[in-house]
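Here's the structure we're looking at; comments come further down.
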Amino acid sequence: MLAISHSGRTRATVDAAHRARGSGACVIAVCSAARSPLATVATHVLAVESSQTRYATDELPFRAAHLAIVQALAREAFESTAPDLRASRRGAWAAARFDLRYSDDPGVMRSSSDRETLTD
């Protein structure tokens with residue numbers, strides 16, 4: 001399980017990590033505090049720490065670092081996937097995006113520029 005929380009104290013994330021760990025899953029935590037509740041539950045911790053996070057604007061560099069970590073993990077997972085499975089997943093993802101944009105279903109977005117869903 002990949003658990004992401006800036007503070008490492010988000011109750012829902014920590015609870016989910018506890019349940020996953022209790023069922024034997026590997027839990028990877030991405031947070032800003034290596035001594036947070038999430039980090040103590042996790043099997044592996046990727047922490048971006050600083051001695052000063054006093055103001056909300058200070059969070060932006062940490063969130064950017066968290067995003068970079070998640071992108072690197074996703075890329076590694078993709079690269080370690082067998083080529084034939086990658087090709088089938090690309091096809092499924094492309095088909096899903098096409099369906100979301102051009103579906104005849106009135107409850108589905110019609111294009112990426114149309115952000116509102118149509119309802120009856």
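Quick note: numbers below take in every heavy atom, side chains included, and nothing from hydrogens, waters or symmetry partners.
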[atom1] of [X] to [atom2] of [Y]: how many Å apart, nearest 0.5 Å?
X: R9; Y: S36; atom1: CZ; atom2: OG; value: 6.5 Å
X: C26; Y: M1; atom1: SG; atom2: CE; value: 11.0 Å
X: I4; Y: L73; atom1: CD1; atom2: CG; value: 8.5 Å
X: L38; Y: I28; atom1: CG; atom2: CD1; value: 11.5 Å
X: H18; Y: S23; atom1: NE2; atom2: OG; value: 13.0 Å

Distance-only check: which donor-acceptor pairs under 3.5 Å involve side-chain atoms of residues 41-48, not counting sequence neighbours?
{"unit_1": "T43", "atom_1": "OG1", "unit_2": "V27", "atom_2": "N", "d": "3.0"}

Do we see a donor-acceptor contact under 3.5 Å between the side chains of T13 and S5?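 No pair is found: no donor N or O on one side chain lies under 3.5 Å from an acceptor on the other.
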With the side chain counted from C-beta on, respond yes when S32 and H66 share a heavy-atom pair under 4.5 Å apart, and no when they do not.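 Side chain of S32 against side chain of H66, heavy atoms only: contact under 4.5 Å found.
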L67 and Q71, any side-chain heavy atoms less than 4.5 Å apart: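 Contact flag for Q71/L67 side chains = yes.
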Grab the two heavy atoms, one from P37 and one from G8, that are nearest each other, plus how far apart they are.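 Residues P37 and G8, closest heavy atoms: CD-O, 3.4 Å.
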